Student: 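Take a look at this one; I'll ask things after.
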Amino acid sequence: MGKVYIVGAGPGDIDLITVRGLRCIEQADVILYDRLINKDLLAYAKKGAKLIFCGKLPNRHAMIQDHINHSLVSYAQQGFIVTRLKGGDPFVFGRGAEEAEVLAQHRIPFEIVPGITSGIAAPAYAGIPVTHRDLSSSFAMVTGHMREGKDDVIQWESLAKGIDTLAIYMGVGNLPYIQQQLIKYGRDEQTPVALIHWGTCLQQKTVVGTLGNIVDVAQQENIQNPSMIVIGEVVTLREKIQWFEETCPEMPLKEISV
């Protein structure tokens, strides 16, 4: 029997993977990797390792989840060391728990290797802290992608009224709906909002607006996935402490404030 490592590869910057995660890449016989990992990480795989792409695009899956689960089980049962490489953290909107459940059902040894999630890292690289003593004492990570055919179970009223900072994953395609729900349940239209495209990567681009106009800003600047949506007063701190887009010599500052 082999073993499966479910590894968080971090948010994009290759230096943000953990030491443990890198060791799991180096020792793996088989690596199943997602679309949003930094592909340079695959250079650390040992010679002869089998590399399998199983990333997903909206409405287009290179490998459906059931097939991924089957592959993890099959390779481990053949005695291979398998690394399942996921963007961010495997337990933050990464389906890592679903895959671990399948492995547990088949009595296959596995280990979870946490990663830095983009809901914290992307704002940090944009100069936006998710908490601040004066501006934000609560923080929530929210999925902006609703499962097809399923009712929306997100507690929008609680998020609108009870949480200072929202980090919304996979939400650009549903941005008008997110805007509508938060305003409907009482969030001020003047609440600052940042959209961070390809956070922590060299091509990172950040645009800033308000809850009332952010849909228009996103359309004007052609913001697509992958992007993190950050909502809250902490966004205003970007004006003072933005650092990455200013200091990275390979990437000019791209800032649109509305």
Side-chain angles (χ1 to χ4, degrees), residues 1-122 125 145 169-170 197-204 225-226 228 248 250-251:
M1 181 68 71
K3 184 173 182 178
V4 176
Y5 295 90
I6 301 177
V7 177
D13 185 335
I14 192 171
D15 291 335
L16 294 183
I17 192 170
T18 64
V19 173
R20 181 62 174 166
L22 194 59
R23 288 174 178 166
C24 291
I25 294 173
E26 293 172 335
Q27 71 178 16
D29 302 307
V30 181
I31 299 175
L32 289 86
Y33 65 97
D34 281 350
R35 177 174 68 97
L36 295 181
I37 72 154
N38 189 320
K39 303 303 186 297
D40 290 343
L41 288 170
L42 300 177
Y44 290 90
K46 67 184 181 182
K47 185 177 181 180
K50 187 176 183 66
L51 307 179
I52 303 172
F53 174 70
C54 49
K56 305 177 184 71
L57 285 167
N59 302 317
R60 286 185 292 161
H61 293 178
M63 187 185 292
I64 62 173
Q65 190 62 49
D66 287 345
H67 190 186
I68 295 172
N69 295 343
H70 174 76
S71 296
L72 293 174
V73 171
S74 176
Y75 283 117
Q77 288 178 335
Q78 294 174 58
F80 293 115
I81 300 299
V82 181
T83 291
R84 175 71 173 101
L85 200 56
K86 294 173 169 290
D89 181 276
F91 276 11
V92 181
F93 306 122
R95 301 189 185 183
E98 297 175 35
E99 294 170 359
E101 285 181 286
V102 172
L103 296 170
Q105 289 168 5
H106 288 83
R107 299 181 181 275
I108 292 171
F110 66 90
E111 180 179 321
I112 308 300
V113 181
I116 298 174
T117 184
S118 58
I120 296 171
Y125 270 52
H145 177 70
Y169 294 65
M170 305 169 290
H197 181 58
W198 281 113
T200 80
C201 299
L202 291 179
Q203 64 267 47
Q204 176 177 309
N225 281 317
M228 180 61 56
C248 180
E250 301 177 64
M251 182 182 60

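On a predicted model such as this, the values are computed, not experimentally measured, just so you know.
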Student: Applying side chain to side chain contact (heavy atoms under 4.5 Å, CB included), run through Asp29 and Lys46 and close with a yes or a no.
Tutor: CA-CA 8 Å; Asp29 302 307; Lys46 67 184 181 182; 2.7 Å; yes
Student: Is the number of heavy atoms from other residues, nucleotides or ligands under 6.0 Å of Phe91 CZ greater than 12?
Tutor: yes
Student: Provide the closest heavy-atom pair for Gly115 versus Asp89 in the form atom of the first, atom of the second, distance.
Tutor: N-OD2, 3.0 Å
Student: Of all the heavy-atom pairs spanning Met228 and Ala122, show the shortest one and how long it is.
Tutor: CB-CB, 4.2 Å
Student: Could you tell me if the side chain of Ser71 sits less than 4.5 Å from the side chain of Ile52, heavy atoms only?
Tutor: no
Student: Tell me the closest heavy-atom pair linking Ile31 and Ala45, and the distance in Å.
Tutor: CD1-CB, 3.7 Å
Student: If you measure only the distance, is there a donor-acceptor pair under 3.5 Å linking the side chains of Ser74 and Gln78?
Tutor: yes
Student: Looking at every non-hydrogen atom in both residues, tell me the closest pair between Leu36 and Pro226 and how far apart they are.
Tutor: CD2-CG, 3.9 Å
Student: Let's go through Cys54 and Arg84 carefully: what are the C-alpha distance in whole Å and the side-chain angles of both, what is the deciding distance for side chain to side chain contact (heavy atoms under 4.5 Å, CB included) to 0.1 Å, and is it a yes or a no?
Tutor: CA-CA 10 Å; Cys54 49; Arg84 175 71 173 101; 3.5 Å; yes
Student: Quick one: pull up CZ in Phe53 and CG in Leu32 and give me the separation to the nearest 0.5 Å.
Tutor: 11.5 Å
Student: Does Lys50 NZ have over 12 foreign heavy atoms under 6.0 Å away?
Tutor: no
Student: Excluding sequence neighbours, so at least two apart, what forms side chain to side chain contact (heavy atoms under 4.5 Å, CB included) with Asn69?
Tutor: Gln65, Asp66, Glu99, Val102
Student: Which atom names give the shortest non-hydrogen contact between Thr83 and Ile25, and what distance separates them?
Tutor: OG1-N, 4.2 Å
Student: Locate the shortest heavy-atom distance separating Cys24 from Val113; write the atom from each residue and the value.
Tutor: SG-CG2, 3.9 Å
Student: How long is the gap from CG on Leu51 to CG on Leu42, to the nearest 0.5 Å?
Tutor: 5.5 Å
Student: What residues form a ring-ring contact (aromatic ring centres under 6.0 Å, His included) with Phe93, not counting sequence neighbours?
Tutor: Tyr169
Student: Let me confirm one number: the CG-NE2 distance from Asn225 to His145, rounded to the nearest 0.5 Å.
Tutor: 9.5 Å
Student: Which pairs of donor and acceptor atoms, one on a side chain in residues 2-15, lie under 3.5 Å apart (sequence neighbours left out)?
Tutor:
residue, atom, partner, partner atom, Å
Tyr5, OH, Gln27, NE2, 3.2
Asp13, OD1, Asp15, N, 3.0
Asp13, OD2, Tyr125, OH, 2.9

Student: Run the side chain to side chain contact (heavy atoms under 4.5 Å, CB included) check on Arg107 and Met1 step by step: do they pass?
Tutor: CA-CA 10 Å; Arg107 299 181 181 275; Met1 181 68 71; 6.0 Å; no
Student: How far does CD of Glu26 sit from CD1 of Ile81, to the nearest 0.5 angstrom?
Tutor: 14.0 Å
Student: Is there side-chain contact between Ile17 and Asn38, with heavy atoms separated by less than 4.5 Å?
Tutor: no
